[in-house]
Asks: 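Let me begin by handing over the structure; questions about it come next.
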Amino acid sequence: QVQLVESGGGLVQPGGSLRLSCAASGSISSLNVMGWYRQAPGKERELVARFIHSITAYSDSVKGRFTISRDNAKNTVYLQMNSLKPEDTAVYYCNARYKIDTVGYWGQGTQVTVSS
């Protein structure tokens, strides 16, 4: 079993920045698919950014603003969020999988609110 803990969410004004962290209970080297999802009230959960092995992919809505990264020594995946917009408001979840065709493991989520 893999345990994931997200942190770093909070309230920021439009144009601000946050860095989210996803700490795993063990080595992430064998977790070939790791990513960030988000879910806003009344909307379905959507993929924000992910690694497939070492290749990164981003949702069109966050390209150029968000960056996913990883620190294998700390067993942690990050999501740097810059130029935040109100539409980025959501609960952000970390997901880890050994294979892309599995559900994998989820963290508890961290709230990001972008508002003036």
Side-chain angles (χ1 to χ4, degrees):
Q1 295 182 343
V2 177
Q3 294 180 337
L4 304 172
V5 179
E6 302 99 331
S7 62
L11 173 64
V12 297
Q13 294 188 350
S17 298
L18 286 173
R19 189 182 73 161
L20 306 183
S21 298
C22 172
S25 59
S27 175
I28 62 174
S29 62
S30 62
L31 295 168
N32 297 310
V33 182
M34 295 196 71
W36 289 93
Y37 294 72
R38 67 186 181 188
Q39 187 167 23
K43 297 183 179 180
E44 65 183 34
R45 189 171 298 184
E46 65 173 340
L47 175 67
V48 176
R50 68 180 175 183
F51 285 102
I52 302 177
H53 295 276
S54 61
I55 301 172
T56 58
Y58 297 90
S59 167
D60 287 342
S61 64
V62 306
K63 285 182 179 177
R65 300 189 297 119
F66 291 10
T67 303
I68 188 170
S69 62
R70 63 197 298 159
D71 187 336
N72 289 345
K74 296 182 178 180
N75 296 324
T76 301
V77 174
Y78 303 96
L79 184 68
Q80 179 66 47
M81 305 185 295
N82 298 326
S83 301
L84 283 162
K85 304 175 180 179
E87 51 262 44
D88 296 319
T89 296
V91 177
Y92 284 71
Y93 298 91
C94 183
N95 176 261
R97 316 177 191 190
Y98 295 108
K99 299 178 180 179
I100 196 169
D101 59 348
T102 63
V103 174
Y105 303 91
W106 292 92
Q108 83 287 351
T110 184
Q111 176 71 47
V112 172
T113 302
V114 185
S115 176
S116 60

Asks: Which residues satisfy the side chain to side chain donor-acceptor pair (under 3.5 Å) test with Asp71, sequence neighbours excluded?
Replies: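 Partners of Asp71 under the side chain to side chain donor-acceptor pair (under 3.5 Å) test: none.
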Asks: Can you name the nearest heavy-atom pair linking Thr110 to Gly8, along with the distance?
Replies: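 Smallest heavy-atom distance, with atoms named: OG1-N, 4.2 Å.
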Asks: So do the side chains of Ile52 and Ile100 get within less than 4.5 Å of each other, counting heavy atoms only?
Replies: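 Heavy-atom side-chain distance check passes, below 4.5 Å.
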Asks: Between Lys85 and Asp88 (salt bridge meaning N to carboxylate O under 4.0 Å), is one present in this structure?
Replies: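 No, Lys85 and Asp88 are not salt-bridged.
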Asks: Name all residues meeting the side-chain contact (heavy atoms from CB on, under 4.5 Å) criterion together with Gln108; count only those two or more places apart in sequence or in a different chain, and write none if there are none.
Replies: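 Per chain and number, Gln108 pairs via side-chain contact (heavy atoms from CB on, under 4.5 Å) with Val5, Glu6.
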Asks: Would you please test Asn95 and Tyr93 for side chain to side chain contact (heavy atoms under 4.5 Å, CB included) and show each step?
Replies: CA-CA 7 Å; Asn95 176 261; Tyr93 298 91; over 6 Å; no
Asks: Please, which pairs that meet salt bridge (Lys or Arg N to Asp or Glu O under 4.0 Å) have at least one residue in residues 41-50, sequence neighbours excluded?
Replies: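 For residues 41-50, and leaving out neighbouring residues, the salt bridge (Lys or Arg N to Asp or Glu O under 4.0 Å) pairs sorted by first residue read Arg38-Glu46.
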Asks: Which residue pairs pass the ring-ring contact (aromatic ring centres under 6.0 Å, His included) test when at least one of the two sits in residues 67-87, sequence neighbours left out?
Replies: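 Output for this query is empty, none listed.
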Asks: If two hydrophobic side chains count as joined below 4.5 Å and joins carry through other members, does Ile55 share a cluster with Tyr37?
Replies: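 Shared cluster, no.
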Asks: State, with a plain yes or no, whether a side-chain heavy atom of Ser115 is found less than 4.5 Å away from one of Pro86.
Replies: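 The answer is no, as the side chains (C-beta and beyond) never meet within the 4.5 Å cut-off.
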Asks: For residues 4-98, pull every pair meeting disulfide bond (SG atoms under 2.5 Å apart), keeping only residues two or more places apart or in separate chains.
Replies: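 Of all non-adjacent pairs touching residues 4-98, those that pass disulfide bond (SG atoms under 2.5 Å apart) are Cys22-Cys94.
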Asks: Test of understanding: with side chain to side chain donor-acceptor pair (under 3.5 Å), list the residues that count as partners of Ser69, not counting sequence neighbours.
Replies: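 Partners of Ser69 under the side chain to side chain donor-acceptor pair (under 3.5 Å) test: none.
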Asks: For the backbone of Ser83 and the side chain of Arg65, can you confirm whether one donor and one acceptor N or O come within less than 3.5 Å of each other?
Replies: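 Yes.
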Asks: To check you understand the geometry: which heavy-atom pair defines the closest contact between Ala90 and Ala40, and what is its length?
Replies: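 Smallest heavy-atom distance, with atoms named: CB-N, 3.8 Å.
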Asks: For Met34, which fellow cluster members are found when Ile, Leu, Val, Met, Phe, Trp and Tyr are connected by side-chain heavy-atom distances below 4.5 angstrom, either directly or through intermediates?
Replies: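 Traced through the cluster, Met34 reaches Val2, Leu4, Val12, Leu18, Leu20, Ile28, Leu31, Trp36, Val48, Phe51, Tyr58, Val62, Phe66, Ile68, Val77, Leu79, Met81, Leu84, Tyr92, Tyr98, Tyr105, Val112, Val114.
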Asks: In chain order, what residues pass the side chain to side chain donor-acceptor pair (under 3.5 Å) check against Ser29, with sequence neighbours excluded?
Replies: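 With sequence neighbours excluded, Ser29 shows a side chain to side chain donor-acceptor pair (under 3.5 Å) to Ser27, given in chain and number order.
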Asks: Output all residues satisfying side-chain contact (heavy atoms from CB on, under 4.5 Å) with Ser54, sequence neighbours left out; order by chain, then residue number.
Replies: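 Ser54 satisfies side-chain contact (heavy atoms from CB on, under 4.5 Å) with no other residue.
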Asks: Quick one: side chain to side chain donor-acceptor pair (under 3.5 Å) partners of Ser59, sequence neighbours excluded?
Replies: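 Applying side chain to side chain donor-acceptor pair (under 3.5 Å) to Ser59 gives Ser61.
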Asks: Provide the full list of salt bridge (Lys or Arg N to Asp or Glu O under 4.0 Å) pairs with a residue in residues 93-116, sequence neighbours left out, each pair given once.
Replies: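 For residues 93-116: none.
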Asks: Under a 3.5 Å distance rule, please check whether Thr89 uses its side chain to pair with a backbone N or O of Thr113 as donor and acceptor.
Replies: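 A pair under 3.5 Å: no.
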